[in-house]
Amino acid sequence: MEAASIAAGLPQTRLTIASHKLSSSSSKVGSVTSVSFLESLSAQTSLVLTASPIEKAAPIDSGSRGRRRNVVAHSFAAPSAGICPFDRTSSFQSQSQTAEEKIGLLLLNLGGPETLQDVQPFLFNLFADPDIIRLPRPFQFLQKPLAQLISVLRAPKSKGYAAIGGGSPLRKITDEQAHAIKDALQAKDVSVNVYVGMRYWYPFTEEAIQQIKKDRITRLVVLPLYPQFSISTTGSSLRILENTFSKDAYLSRLPVSVIESWYKRQGYVKSMADLIEKELQTFSKPDEVMIFFSAHGVPVSYVEVAGDPYKDQMEDCIYLIMQELKARGVYNDHTLAYQSRVGPVQWLKPYTDEVLVELGKKGVKSLLAVPVSFVSEHIETLEEIDMEYRELALESGIESWGRVPALGCTSSFITDLADAVVEALPSAKAIAASSGSAGEIDNYDPFRYAIKLLFGSVLACVLLFSPKMFVAFRNQLL
């Protein structure tokens with residue numbers, strides 16, 4: 001999500017990526033997975049897409065990720081370890097709890113470049129992922145050169161980060177949320193170590209996992225900071241966990257609960273309604289304001305081919321928020337659109353930019369934008385919505401514009417996430433070790449392989465003889 005706007009104009013090469021579906025079981029926590037990652041990630045579907053920053057699933061070679069920070073894995077440790085004194089009203093009753101038990105909470109997010117100098121290596125990390133650009137085996141040696149080409153060409157055109165101060169605030173905000181959740185759990189007499197794992201920038205998820213192992217955590221809750229599940233966000237991060245845990249004897253025995261999605265939780269729904277209700281009062285005529293939910297889009301093929309539940313969950317989420325508002329006497333009209341599409345393939349519709357123009361033509365004069373996919377401010381709220389879409393809306397005839405802030409560290413939201421963690425603890429189960437990753441299972445098809453070989457040959461010729469490739473690498477070497 002974090003890099004969607006900086007990938008606009010990406011070369012429209014048709015690329016095959018792998019995407020995955022996760023099975024889940026319902027609970028009051030939201031959607032909680034406590035079974036083996038290997039079992040839940042076994043389904044694979046091959047999609048034809050343009051490479052984009054939300055298409056990601058596999059771990060990255062840590063040796064090429066960019067300059068290292070002083071601190072790469074945060075552990076927001078509770079003041080004391082030992083027995084976890086859960087509230088007696090809590091449903092958590094551990095039969096094997098010992099004085100040495102240490103509870104861990106892993107927060108997952110995408111990450112983003114912190115300075116303008118970080119943009120190019122950040123983009124390299126994105127496109128070096130073989131699940132974004134999946135080349136045929138004979139041409140996999142081109143994976144990193146291709147990522148290098150894309151990142152070198154795109155970085156100078158990535159002006160969005162300069163417009164918001166030179167870097168993404170996502171890490172800072174996520175760290176603040178980690179501290180807030182730790183404090184909220186401590187207030188419930190639940191002692192935890194909280195870790196932050198980013199998908200494509202520091203601190204990387206793999207590094208957080210190693211810190212979890214080093215701290216000898218005995219029970220882990222995984223909380224992706226995405227309200228709705230998508231194979232492009234939560235699914236991608238869980239793939240890293242599956243790959244890492246399955247290869248480690250200690251981690252494969254660690255009891256884990258994954259909160260896959262939590263948009264149905266009353267705390268989340270009420271917190272969103274609170275923010276919307278508050279912002280409506282800033283308009284001169286609150287009853288006439290159109291509530292405009294803008295969600296991050298995904299390619300249609302994710303939903304129709306891979307079975308991504310994101311679209312259904314998003315629509316359900318909007319329904320729940322509007323029902324809560326109606327219960328409070330707020331009956332404003334509302335609409336949902338999807339932002340941040342890139343490339344020539346079809347993404348979920350309607351598109352945010354097109355809907356804004358249509359609303360202006362229909363005479364809508366007051367509009368309140370609600371970034372419903374995001375719980376932290378980042379480039380897609382601060383630059384894409386606040387700058388690009390605001391300007392488009394005003395040009396289209398909308399006279400009064402407002403935007404609901406991301407939830408951030410809103411107290412009711414943080415308290416609810418802490419409750420979700422406590423509720424998830426009883427379902428933690430060990431991840432069964434496996435001799436191989438589901439992502440490595442690839443049924444051999446001679447015809448498909450021949451097509452991939454032909455495509456790879458054409459791509460190799462284009463890359464090897466491209467003037468832009470030559471200039472890009474010459475500049476890098478010089």
Side-chain angles (χ1 to χ4, degrees), residues 1 21-22 24-32 224-235 259-281 286-298 300 302-304 307-341 347-352 354-356 358-359 362 364 366-375 380-381 385 389 402-407 410 412-413 416-417 419-420 423:
M1 289 185 179
K21 293 186 287 184
L22 288 169
S24 63
S25 59
S26 299
S27 80
K28 60 183 177 180
V29 179
S31 181
V32 178
L225 291 176
Y226 312 106
Q228 306 83 18
F229 177 88
S230 174
I231 58 178
S232 63
T233 51
T234 299
I259 305 175
E260 288 186 356
S261 65
W262 35 269
Y263 70 92
K264 290 184 177 181
R265 294 189 60 84
Q266 281 297 303
Y268 167 75
V269 172
K270 290 181 181 296
S271 295
M272 288 295 296
D274 289 343
L275 292 179
I276 294 171
E277 193 173 22
K278 179 180 178 181
E279 290 300 318
L280 284 173
Q281 298 308 310
D287 294 343
E288 298 179 6
V289 177
M290 167 71 74
I291 300 175
F292 185 82
F293 293 96
S294 186
H296 192 287
V298 298
V300 170
Y302 271 65
V303 176
E304 296 183 351
D308 195 334
Y310 178 73
K311 180 176 183 291
D312 288 341
Q313 290 191 7
M314 182 58 67
E315 292 175 355
D316 191 24
C317 177
I318 303 306
Y319 171 80
L320 294 173
I321 294 173
M322 290 308 301
Q323 287 297 109
E324 175 63 26
L325 287 171
K326 289 177 181 178
R328 304 181 185 191
V330 178
Y331 297 97
N332 294 58
D333 291 334
H334 75 281
T335 190
L336 167 64
Y338 296 91
Q339 67 182 81
S340 308
R341 73 185 188 278
W347 286 50
L348 291 180
K349 290 184 176 181
Y351 300 141
T352 294
E354 294 179 357
V355 173
L356 289 173
E358 293 174 2
L359 291 176
K362 292 179 179 179
V364 173
S366 299
L367 185 143
L368 177 62
V370 183
V372 70
S373 297
F374 317 111
V375 298
E380 293 186 21
T381 59
I385 294 179
Y389 291 148
R403 202 260 287 180
V404 170
L407 286 165
T410 303
S412 58
F413 168 61
D416 188 63
L417 287 184
D419 289 339
E423 294 165 13

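All values reported here derive from a predicted model rather than from experimental measurement.
- Between Ser232 and Asp308, the shortest heavy-atom contact is N-OD2, 4.4 Å.
- The CG atom of Leu359 lies 6.5 Å from the OG1 atom of Thr335; values are rounded to the nearest 0.5 Å.
- Between the side chain of Glu260 and the backbone N or O of Phe229 there is no donor-acceptor pair closer than 3.5 Å.
- Contact of the Phe292 side chain with the Leu356 side chain is registered, since non-hydrogen atoms from C-beta on lie closer than 4.5 Å.
- Remark: Glu315 engages Lys311 in a salt bridge (charged side-chain N to carboxylate O under 4.0 Å, His left out) (not counting sequence neighbours).
- Val370 is listed as a side-chain neighbour of Met272, based on a closest heavy-atom distance under 4.5 Å.
- If you take OH on Tyr268 and CG on Asp416, they are separated by 11.0 Å, rounding to the nearest 0.5 Å.
- Taking CG of Leu367 as the start and OH of Tyr389 as the end, the distance is 13.0 Å to the nearest 0.5 Å.
- Counting only heavy atoms from C-beta outward, the side chains of Lys326 and Tyr331 approach each other to under 4.5 Å.
- In terms of heavy atoms, Pro286 sits closest to Gln281 at CG-OE1, 4.2 Å.
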*asked:* With side chain to side chain contact (heavy atoms under 4.5 Å, CB included) as the criterion, how do Phe293 and Ile276 come out once you've worked through the C-alpha distance, each side chain's angles and the decisive distance to 0.1 Å?
replied: CA-CA 10 Å; Phe293 293 96; Ile276 294 171; 4.0 Å; yes

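- A distance of 11.5 Å separates CZ of Arg341 from CG of Leu348, quoted to the nearest 0.5 Å.
- Counting all heavy atoms, side chain and backbone alike, Ser271 lies closest to Leu407 at CB-CD2, 3.8 Å.
- Residues Val372 and Met314 come closest through the heavy atom pair CG1-SD, 3.3 Å.
- Not counting sequence neighbours, the partners of Ala273 by the side-chain contact (heavy atoms from CB on, under 4.5 Å) test are Glu324, Leu325, Arg328.
- Ser373 contributes a side-chain N or O that, together with a main-chain N or O of His296, makes up a donor-acceptor pair within less than 3.5 Å.
- Looking at Ser366 and Glu288, their side chains never bring a donor and an acceptor atom within 3.5 Å of each other.
- Heavy atoms of other residues, nucleotides or ligands lying less than 6.0 angstrom from CG of Asp316 number more than 12.
- Residues Gln313 and Ser230 have side chains not in contact (no heavy-atom distance under 4.5 Å, counting atoms from C-beta outward).
- A ring-centre distance under 6.0 Å is not found for Trp347 and Tyr302.
- With a 4.5 Å cut-off on side-chain heavy atoms, Thr233 and Pro224 do not count as touching.
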*Can you check side chain to side chain contact (heavy atoms under 4.5 Å, CB included) on Glu423 and Arg265, steps first, answer last?*
CA-CA 12 Å; Glu423 294 165 13; Arg265 294 189 60 84; 2.9 Å; yes

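- When all heavy atoms of Trp262 and Ile259 are compared, the closest pair comes out as CD1-CG2, 3.9 Å.
- We find the OG-OH distance between Ser261 and Tyr310 to be 12.5 Å, quoted to the nearest 0.5 Å.
- In this structure, Met322 CE and Leu320 CG are separated by 11.5 Å, a value rounded to the nearest 0.5 Å.
- Here the shortest heavy-atom pairing between Tyr263 and Gln228 reads CB-NE2, 4.1 Å.
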